Amino acid sequence: MDNNNNNKNINNNESNNNKDNLCDIDDKNKIDDENVLYRLSLNPNKGGLQNVDKEKINKIIYEVSKGSAFFKNAKEKEKAHFEKIKEIKKKYLFLKNQPMEYEKQQMKNIMNKMESDRDLSQYIVHVDMDAFYASVEELDNPELKNKPMAVGSKSMLSTANYEARKYGVRSAMPGYIALKLCKNLIIVPTRFERYHELSHQIRNIIANYDPDYCPASIDEVYLNITNFLNDNPNYTPSKVTEELREEIYKQTRLTASAGIAPNICSDMNKPNGQTELKNCTDEILKFLKDLPIGKVSGIGKVAEKTLNELGIKTCGELKENMVYIKELFKPSSYQFLLSASLGLGRTKIENKWKRKSISVERTFSNTSEIQKLEDKLHEISCKLANDVKKENLKGKSVTLKLKTSSFEILTRCLTISKYIYQQEDLYKVGKKVKFIYIIFF
DNA sequence: ATACATACC
DNA sequence: TACTGGTATGTAT
């Protein structure tokens, strides 16, 4: 959903006060609140909120959050990450002083090989609905259209309409903070059934262009229009995409944005409307050169910061530094970053999704009363048994997750010898999962 | 196999 | 008053 969009837009422009100077390791021994705010996507320096009084908004957000347990927890995590970064930086400085001639040549070979394997034959489109939940609510209640409105609750918002965004309200923001920013904000509760209904409708339209489309979330789909283009030679990729978006609008009165690219690097960024990246290596590399790494799907706040601290801010810089990345990161991270730096994604769209887990979680007010906790366990085991039954599933590994009042997450897992699916069994195993241990230690 | 962190929407 | 909920994957032990 647009969660991601908002976060990704808050990217690092010139605002980084760390100067990514590799010699200032010791100066940066302290974690200031600004770092924590960035971790929470609330960095006062970063934008993403056009035409708004950023300073005022960020001040309000900071004032509301700073003393909270939530903020403290984030600060602890930030500290831990900072220690990790220090280690990586040390190694990096060492490597920078090595000639690395052999490794550099090797990296060139690897990249050349990957470049020659690049598949430019496919046209992949990524379709993403605009402010989906909020747009659906406006659709069903047009009175909301010109008023600041968000979908969710006082605890958490899923998405906000554009009117609300003017005030700095956005997805993944607690509703009570949003209300501080915009006291007239209307908060509408979620209606998942309705969103799913429309999601279905939209997918049916998309199926006309690629019956093997792949849903990425409730409001996002990948499709391969190569066959459609072959069957309809009078179309261009952007014409297909335009028509597809128009068709969605005609049938649902909802708008969508889309990216067109030769592989799934189209999930790198999604501005409004549609953007086409031509099936041409030079175009791709040009596009990537100045693309902030944080825009890459799969690089979140933490990885972005780690790389930024190494002086790597764009995919172009990432590509130049891959020799070092190979040494500094674990193999799978290295592989991922290498592909990202070259703008290589999957060229095939697989929609044979198989679920690997199913879960239910609920947040409740602080308590250490054993009875209340057991009641909660009962409640979630009922919901879980219900969901499991609906999908005709069974499993033999049960994980219990507990969030403390200080926002620490504890998990304990128990794998048993036979598959279970009934509520009573789920509850029993849930209780066995070192439950007492979690609570008291 | 288990615990925890990160990422995405 | 109040910072979600669901799924996947990576990393460390």
Side-chain angles (χ1 to χ4, degrees), chain A residues 1-8 36-37 39-42 61 64-74 76-78 80-81 84 126 128-129 131-133 150-159 170-180 187 189-190 192 195 199 215-221 267 270 294-306 329-337 353-366 380 383-384 387 391 396-403 405-417 433-434 437-438:
Chain A
M1 297 240 336
D2 45 308
N3 250 356
N4 181 34
N5 257 340
N6 287 340
N7 294 341
K8 298 289 184 192
V36 183
L37 277 170
R39 169 177 278 265
L40 304 178
S41 294
L42 303 173
I61 295 174
V64 181
S65 335
K66 68 176 178 191
S68 68
F70 184 81
F71 194 93
K72 261 179 221 144
N73 178 256
E76 288 306 308
K77 284 190 176 155
E78 185 64 18
H81 183 221
K84 249 188 192 164
H126 177 235
D128 186 15
M129 300 305 295
F132 188 50
Y133 294 179
V151 178
S153 70
K154 284 193 179 176
S155 297
M156 184 51 65
L157 302 179
S158 296
T159 187
R170 53 180 198 268
S171 0
M173 176 182 275
Y176 69 93
I177 293 180
L179 282 166
K180 298 264 186 214
I187 298 181
T190 46
F192 285 108
Y195 311 144
S199 176
S217 73
I218 188 167
D219 75 327
E220 252 185 310
V221 159
D267 61 8
K270 307 157 281 200
K295 295 255 180 190
V296 178
S297 177
I299 298 183
K301 293 269 143 43
V302 176
E304 179 192 32
K305 180 149 191 201
T306 308
F329 289 71
K330 298 285 167 240
S332 72
S333 306
Y334 151 71
Q335 284 297 341
F336 168 74
L337 292 171
W353 179 78
K354 270 264 179 286
R355 87 155 60 242
K356 296 176 185 67
S357 68
I358 185 162
S359 64
V360 172
E361 60 182 73
R362 290 287 173 268
T363 301
F364 49 91
S365 49
N366 296 338
I380 59 174
K383 172 78 163 55
L384 184 59
D387 294 354
E391 301 224 22
K396 53 178 181 175
S397 196
V398 176
T399 298
L400 191 65
K401 173 174 160 181
L402 193 80
K403 180 159 67 189
S405 54
S406 51
F407 291 90
E408 275 175 302
I409 307 286
L410 305 170
T411 63
R412 293 294 180 273
C413 174
L414 181 62
T415 303
I416 51 179
S417 53
V433 182
K434 299 185 197 163
Y437 174 87
I438 290 193

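What's counted below: heavy atoms across the whole structure, side chains too, no hydrogens, waters or symmetry copies. Keep in mind it's a predicted model, so treat the numbers as computed, not measured. Numbers restart at 1 for each chain; the letters A, B, ... are given by sequence-line order, proteins then strands.
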Start with the C-alpha distance between A/E78 and A/K301, add both sets of side-chain angles, then the distance that settles salt bridge (Lys or Arg N to Asp or Glu O under 4.0 Å), and finish with yes or no. CA-CA 11 Å; A/E78 185 64 18; A/K301 293 269 143 43; over 6 Å; no

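Between B/dC4, C/dG6, C/dT9, one nucleotide has an atom nearer to the side chain of A/R412 than all others, and that is B/dC4. With B/dA7, C/dA2, B/dT2 as the choices, the nucleotide that has an atom nearest any side-chain atom of A/Y176 turns out to be C/dA2. The nucleotide whose nearest atom lies closest to any side-chain atom of A/T411 is, among B/dA3, C/dC3, C/dG5, B/dA3. Of all nucleotides listed (B/dC8, C/dT7, B/dA7), B/dC8 comes nearest to the side chain of A/S297. The A/V360 side chain lies nearest to C/dG6 when the options are C/dG6, C/dA8, B/dC4. Among the nucleotides C/dT11, C/dC3, B/dT6, the one closest to the side chain of A/S332 is C/dT11. Of the listed nucleotides (B/dT2, C/dC3, B/dA7), C/dC3 has the atom at the smallest distance from the side chain of A/S155. Taking every side-chain heavy atom of A/R362 into account, C/dG6 is the closest of C/dG6, C/dT9, C/dG10. Here the nucleotide nearest the side chain of A/K356, chosen from C/dA8, B/dT6, C/dT4, is C/dA8. The A/S357 side chain lies nearest to C/dA8 when the options are C/dT4, C/dA2, C/dA8.
Residues A/R355 and A/V64 each lie close to DNA chain C; by heavy-atom proximity, the contact nearer the 5' end of the strand is made by A/V64. Residues A/N366 and A/K383 each lie close to DNA chain C; by heavy-atom proximity, the contact nearer the 5' end of the strand is made by A/N366. Place A/S397 and A/H81 on DNA chain B by their nearest nucleotides, and A/S397 ends up nearer the 5' end.
Remark: A/S365 is not in phosphate contact with C/dT1, judged by side-chain N or O atoms under 4.0 Å from OP1 or OP2. Close to C/dA8, at under 4.0 Å from its OP1 or OP2, lies a side-chain N or O of A/W353. For the OP1/OP2 pair of C/dG10 and a distance below 4.0 Å, the side-chain nitrogens and oxygens of A/S333 include no atom meeting the criterion.
Using a 4.0 Å cut-off between charged side-chain N and carboxylate O, A/E361 and A/K403 make no salt bridge.
Taking CD1 of A/I380 as the reference point, atom CZ of A/F364 lies at 8.0 Å (rounded to 0.5 Å).
The distance from atom CD1 of A/I299 to atom C1' of B/dT6 is 13 Å, rounded to the nearest whole Å. When rounded to the nearest whole Å, the span between NZ of A/K72 and C1' of C/dA2 equals 16 Å. Whole-Å rounding puts the A/L179 CG to C/dC3 C1' distance at 14 Å. Atom OH of A/Y133 is separated from atom C1' of C/dT4 by 11 Å (rounded to the nearest Å). With rounding to whole Å, A/F70 atom CZ is found 18 Å from C/dT1 atom P. Taking atom NZ on A/K330 and atom P on B/dA5, their separation rounds to 17 Å, with Å as the unit. Rounded to a whole Å, the NZ atom of A/K305 is 15 Å from the C1' atom of B/dT6. Atom C1' of nucleotide B/dT6 and atom CD of A/E304 are separated by 14 Å, given to the nearest angstrom.
Separating the C1' atom of B/dA7 from that of C/dA2 is a span of 25 Å, rounded to the nearest Å.
Taking the ring centroids of A/F407 and A/F70, they lie under the 6.0 Å cut-off.
Heavy atoms of A/K354 sit under 4.0 angstrom from primed sugar atoms or phosphate atoms, though from no base atom. Within the 4.0 angstrom heavy-atom criterion, only backbone atoms of the sugar-phosphate kind lie near A/K403; the bases stay farther away. Within 4.0 Å of A/T399, counting heavy atoms only, lies no atom of the nucleic acid at all. At a threshold of 4.0 angstrom between heavy atoms, the contacts of A/F407 are confined to the sugar-phosphate backbone, with no base atom among them. Contacts of A/A216 with the nucleic acid, taken as non-hydrogen atoms under 4.0 Å apart, are absent.
Although no hydrogens or angles enter the test, the distance criterion places no donor-acceptor pair under 3.5 Å between the side chain of A/S199 and the main chain of A/Y195. Remark: side-chain polar atoms of A/T190 are not paired, donor with acceptor, to backbone N or O of A/F192 under 3.5 angstrom. Checking side-chain atoms of A/T159 against main-chain N and O of A/Y133 turns up no donor-acceptor pair under 3.5 Å.
Judged by distance alone with a 3.5 Å cut-off, a donor-acceptor contact links the side chain of A/S65 to the base of C/dC3.
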